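Since we're looking at a predicted model, the values are computed, not measured.
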Amino acid sequence: MSRSGGGGRRPDSRHDQPTQAPAPPFQRGTDRGSHYGSGAAPSSSHAASTSTAPAPSSPSISASAPSSSSVSTLVEETEQKLTLAALAAATPPPSSSQAVGFPVRPGFGTVGRKCVVRANHFMVQLAERDIHHYDSIYTAGPLPFESKEFIINLPDSDPRPSSSTRLRERQFRVVIRLASKPDLYTLQQFLRRRHFEAPYEVIQVLAVVLRAAPSEKHTVVGRSFFSTDLGPMGQLGDGVEYWRGYFQSLRPTQMGLSLNIDVSASSFYEPILVTEFVQNYCRDLSHPLSDEVRLKVKKALKGIKVVLTHREYNNSHKITGISSQPMSQLMFTDDSATRMSVIQYFRERYNIALQFTSLPALVAGSEARPIYLPMELSRIVAGQRYAKRLNERQMARANAYNEDTLVNKEFGIQVADDLTSVDARILPAPMLKYHETGREASVNPGFGQWNMINKKMFNGGRVEVWTCVNFSTRLNRDVAFQFCQGLVDMCNSKGMVFNLRPVIPISSSNPNQIEKALVDVHNRTTQQGKQLQLLIIILPDVSGSYGRIKRVCETELGIVSQCCQPRQASRLNMQYFENVALKINVKVGGRNTVLVDAVQKRIPLVTDRPTIIFGADVTHPQPGEDSSPSIAAVVASMDWPEVAKYRGLVSAQAHHEEIIQDLYKSIQDPQRGFVHGGMIRMLLMLFHLCARDGVGERQFSQVLLHEMNAIRQACASLEEGYAPPVTFVVVQKRCRTRLFPAENNRCDLTDRSGNILPGTVVDTEICHPTEFDFYLNSHAAIQGTSRPTRYHVLYDENRFTADGLQVLTNNLCYTYARCTRSVSVVPPAYYAYLAAFRARYYIEDETSAGGSTDGNRSTAERNLAIRPLPVIKDNVKDVMFYC
C-alpha cells in the first residue's frame with residue numbers, strides 16, 4: 001500500500017551532560033515540536049502500496065465471518081509486528097522501545113544509466129557545543145541559573161471608543177526554567193548509523209538557530225520566509241498581492257545534515273485602507289452595503305489585523321466581524337454610561353468627521369466588549385498572508401549563514417555555499433502495450449511522452465446508449481452535432497465500439513435549469529427501457545456549474561458523464577477529440593494502455609501471484625472553509641495482472657483529519673450480529689489489495705499503525721487468518737527537493753526544457769540515513785523546473801529490492817489513463833486524489849452557501865456535525881468516473 005503525507009516520530013531519550021560556562025547567547029525556541037526543525041509539515045500524498053496473496057476462498061459477511069475477538073487478536077499482533085519490523089529486517093543499532101520501526105534500506109539501486117545531478121541541499125557542518133534547552137529559549141551553553149522568574153511591565157492602550165486615552169501598564173510573569181540538554185553526540189551517532197532513532201529535538205535546536213536571522217528580517221509563513229526585498233512583487237487583484245521568498249528545512253541525510261532551500265511565493269493582503277479594500281466588492285461607498293456584499297466583506301476581512309491611522313499609539317487589532325448596522329445608526333455606551341453614536345464619538349474626541357457613514361464599522365475585541373473601528377481610519381497591517389483561495393484574476397537571495405554571529409560563532413554551524421552534487425540514475429522507460437489491430441501494437445516512450453498515432457486502445461470500451469446536452473448559448477445545435485460526430489468518430493478510430501446514433505436527439509438546454517435538463521434526459525432514456533451509458537455535456541459559457549452537474553449525474557441519476565468546455569468544443573480540434581476519447585474509454589470500462597511486462601507477467605512480486613495496488617488520499621477544505629469536512633478516497637486495481645483499471649470509494653471525515661477513518665469499521669447489529677464494513681473491505685471483496693496518499697512525515701507512525709490495523713481487520717473479516725503481505729509506501733508529492741542537471745549543455749542528460757530527464761532516481765546522499773526512501777522524477781515538466789516525488793517505505797512484507805520498487809513505481813507512472821505522458825506521481829495515488837477532489841463537488845454547495853465560515857465552533861462540534869457524502873450510484877462506482 002502506498003500513502004502520502006508525513007509526520008515524524010517522537011524524539012528518543014536524551015543524555016544530560018553537566019557543563020559550566022558563562023551566560024551564552026540564546027535563541028527563542030519558536031519551532032519546538034515541529035519536524036526537521038521547521039514550523040509546518042509539508043503537503044504530501046501517499047502513493048500506492050502493494051500486497052500480494054491469493055484471494056480468500058469465499059469472502060462474505062454472513063454469520064461465518066470471523067468474530068470480533070479474532071480480529072482484535074490480529075490487531076494486537078499487527079501492532080507488535082509494526083514495532084519490531086525494523087529489528088526483524090536487520091540488526092540495527094539500539095532503538096527506543098516506543099518507536100515504530102520502519103524498514104531499513106535493502107540496498108541501493110543499480111538499474112539505469114548513471115549520471116550526476118545537483119540538488120538544492122546545502123551541507124551543514126557542526127562544531128562541538130554544549131546546547132541547553134530552557135523553556136522558550138535555546139542556548140549554546142548554560143545560563144547562570146536553572147530557574148528564574150522575571151516580572152515585566154509593558155505599556156498598553158485601549159482604543160475602544162468608550163475608554164479614556166490614558167496609558168495603562170500590563171504586567172507579565174516570565175519564567176525561564178531548564179527543560180533539557182539536547183545532545184549533539186546522539187545526532188552524530190545517528191548520522192553514522194550507530195543510533196537507530198533520529199534525535200529530532202537536537203535537529204530542532206539547530207533549525208531554530210538557522211531560522212533566527214531570517215525570522216527577524218522577513219515575514220514567516222510556516223517553514224518559508226517572504227519579503228518585498230526578496231524579489232519583485234505582483235498584484236493579484238481584490239486587495240491581494242504576492243511576495244517572493246524561500247523555504248528552508250534542516251534534514252538528516254546519508255552524507256550528514258542538509259539544509260534544503262527552495263524558492264517560494266505567497267499571497268499577502270495589501271497594506272491599504274479598509275475602505276480601499278471594500279471597493280473591490282462595492283465601488284460606491286456612499287450607500288449601505290447589500291446583505292450579500294456585507295457577508296462577502298465580513299468573510300474577507302475576518303481575522304485580518306488593522307491599525308488606526310488617527311492615533312499616536314498604533315496597536316493592531318484583529319477584526320472579528322463587521323457591524324450589522326451602518327455607522328450612522330451604530331450606538332454604544334461609554335464608561336460614563338452615556339449613550340452615543342460612533343460618529344459623535346469620533347467628532348467630539350478626535351475632531352474627525354467621518355465620511356463613509358453608510359458603511360458598517362469593523363468589530364474587534366470581545367463579544368461582551370466590542371470595539372468599533374471606522375473602515376476609513378483602519379489600515380491593513382503589512383505582511384499578513386492571504387490564506388484563502390485565490391480567484392482566477394488573481395532560491396531568492398540566500399542567507400549569509402556563515403556571516404551570522406549567532407549561527408557561525410556561537411553555535412558553531414557552517415553551511416556550504418554550493419548546491420550538493422548527487423549520484424543519480426536514469427531508469428529506462430517501459431514498453432507500453434496497445435491493441436494488436438493497430439499499426440503499432442507497442443511503443444517505447446521517449447522523454448516521457450508519446451502519441452496515439454497508428455495505435456488503438458488496449459481494451460476499447462463499448463458505448464451503445466448515449467446522448468449529448470449543450471448548455472452553451474454560444475454554440476448552436478449544428479456545432480454541437482458536429483462536435484459529437486467528430487468525437488464519436490475518434491473513439492471508434494482508436495478502438496472503441498461507439499454507436500453512431502444517440503439514443504435521444506442531441507439537445508440544447510437553458511444553463512439556468514441544469515438539474516431539470518439532466519433529469520429530463522434521464523427520464524426520456526429510461527422510458528425507452530435503456531440505461532444511459534454516457535452523457536456528453538457541453539458546459540455553460542459561465543463557469544461554476546461543473547460540480548453541480550457531477551453531483552446530480554453521479555449521486556442522483558447514476559449517469560457517467562463527460563464534460564467539455566464550449567470554447568474547445570467549437571474548435572473541432574482532432575487533438576482535443578483524442579484527449580477526450582482517452583477519458584471516455586476508461587469511464588465506460590476500457591483500458592487505454594498497459595505495461596508489456598504486466599501482460600507477460602514479468603513484474604517481480606506484482607505478477608507472481610494475484611495482487612491489488614491501492615491508492616489513498618485525503619483532501620482538506622480550502623483555507624477559510626472551517627465548516628467543511630475532509631474527504632478520504634481509496635482506489636484499488638481490479639484487473640490483475642495489468643493493474644491499470646481502478647475502482648474508487650470516497651468518505652467524509654472530520655475537518656483536517658489526515659488519518660483515513662473509514663478504511664474498516666464494524667458495528668453490533670441487534671438482528672444481524674457483528675457487521676463489517678469500510679472502504680478497504682468493500683474493495684477487497686471484489687479482488688485483493690491497497691494504497692494511500694496525503695500524509696506528512698510527522699504522522700508516519702500513527703498513520704501506519706491506524707491504517708495497517710484497518711487493513712488487517714478488513715482482511716480478517718473476509719476469512720479467518722487471511723493476512724496477505726503488504727507494502728506501504730508514502731508518496732510525498734510536494735517535497736521541496738529540486739534536482740538540476742550538473743551539465744546544462746548535455747542533450748543526453750537534459751530534456752528540451754533544460755530539466756533532468758524522466759526516470760531520474762536518487763537513493764543516495766540526500767536520502768534518509770537508514771530508511772527505505774528515494775526521489776523519483778518520472779515526468780517531463782511542461783513548464784518551469786520539474787519537481788521530483790519522494791517515496792518513503794513505511795512497511796514492507798513483500799521485501800522489495802531497491803531496484804524492484806523504483807522500477808515498478810517509474811513504470812506505473814506511464815499508465816496514467818488521461819494522457820500520453822508519464823506523470824509525476826504514481827497513478828494509484830493520483831487517482832485517489834482525483835476521486836477525493838471529485839467528491840468535494842458533491843458537498844461544496846452545502847458548505848459554502850452561507851458566506852462566512854463557522855470559525856467560532858470548536859473542533860469537537862465541527863466533527864459531530866459531519867454529514868455523510870451523497871452515495872455514488874453503483875454503475876458509476878464500477879468505472880473510473882473520476883478521470
Side-chain angles (χ1 to χ4, degrees), residues 6-19 21 24-42 86 92-102 124-143 146-147 175-212 215 220 222-223 248-254 256-260 406-407 410-413 415 696-702 768-771:
R9 292 165 290 169
R10 294 180 63 84
D12 57 356
S13 55
R14 312 301 190 271
H15 302 285
D16 291 341
Q17 297 181 351
T19 56
F26 61 88
Q27 173 59 39
R28 296 189 192 120
T30 54
D31 286 343
R32 183 182 180 189
S34 62
H35 185 51
Y36 288 162
S38 40
S95 169
S96 167
S97 61
Q98 297 180 352
V100 173
F102 298 145
V124 176
Q125 301 295 328
L126 301 176
E128 290 293 335
R129 289 293 187 274
D130 184 17
I131 297 175
H132 283 58
H133 175 202
Y134 296 85
D135 287 338
S136 302
I137 61 173
Y138 294 115
T139 67
L143 295 173
E146 287 200 355
S147 180
V175 178
I176 297 179
R177 182 183 297 110
L178 181 64
S180 65
K181 299 178 182 178
D183 187 5
L184 287 178
Y185 177 76
T186 305
L187 174 59
Q188 294 166 352
Q189 291 297 93
F190 172 74
L191 295 173
R192 293 168 184 159
R193 299 163 180 78
R194 297 176 184 171
H195 185 83
F196 183 68
E197 194 173 346
Y200 288 120
E201 185 191 24
V202 183
I203 299 173
Q204 176 69 32
V205 175
L206 303 174
V208 169
V209 173
L210 289 170
R211 291 169 59 86
S215 295
V220 181
R223 304 184 188 193
Q248 75 174 42
S249 174
L250 188 65
R251 311 180 65 87
T253 67
Q254 294 173 26
L257 280 181
S258 167
L259 187 66
N260 178 205
L406 179 70
V407 172
E410 305 297 344
F411 280 87
I413 302 174
V415 181
E697 292 176 61
R698 291 181 296 175
Q699 298 167 305
F700 279 2
S701 298
Q702 65 181 119
H768 194 280
T770 59
E771 294 170 7

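- Inter-residue side-chain proximity for Ser136 and Ile176 is flagged as unmet; no heavy-atom pair is nearer than 4.5 Å.
- Residues Glu410 and Ala140 approach most closely at O-CB, 3.5 Å, considering heavy atoms.
- Using a 4.5 Å heavy-atom cutoff, the side chains of Tyr138 and Val209 are not in contact.
- With Leu206 as the fixed residue, the side chain to side chain contact (heavy atoms under 4.5 Å, CB included) test singles out one of Leu250, Val124, Leu259: Leu250.
- A 4.5 Å side-chain heavy-atom check between His132 and Leu143 finds every atom pair outside the cut-off.
- Side-chain atoms of Tyr134 and Pro142, non-hydrogen and from C-beta on, do get closer than 4.5 Å to each other.
- Side-chain contact between Ile131 and Leu184 is present, with at least one heavy-atom pair separated by less than 4.5 Å.
- Judged as a side-chain contact (heavy atoms from CB on, under 4.5 Å), and not counting sequence neighbours, the contacts of Gln189 are Tyr185, Arg192, Arg194, His195.
- One finds the NZ atom of Lys181 at 10.0 Å from the OG1 atom of Thr139 (value rounded to the nearest 0.5 Å).
- Taken to the nearest 0.5 Å, the CD1 atom of Ile203 stands 7.0 Å off from the CG atom of Leu191.
- Residues Leu126 and Ile413 are in side-chain contact: their nearest non-hydrogen atoms beyond the backbone lie under 4.5 Å apart.
- One finds the CZ atom of Arg251 at 8.5 Å from the OG atom of Ser258 (value rounded to the nearest 0.5 Å).
- Contact check for Asp183 versus Pro199: no side-chain heavy atoms found under the 4.5 Å cut-off.
- Evaluation of the side chain to side chain donor-acceptor pair (under 3.5 Å) rule for Gln254 yields no partner, not counting sequence neighbours.
- Contact between Pro769 and Arg193 at its shortest, heavy atoms only, is O-NE, 3.1 Å.
- With sequence neighbours left out, Val220 forms a side-chain contact (heavy atoms from CB on, under 4.5 Å) with Arg211, Ser215, Phe225.
- The aromatic rings of Phe190 and His768 stand perpendicular to each other, their planes meeting at an angle above 60°, with 30° marking the opposite boundary.
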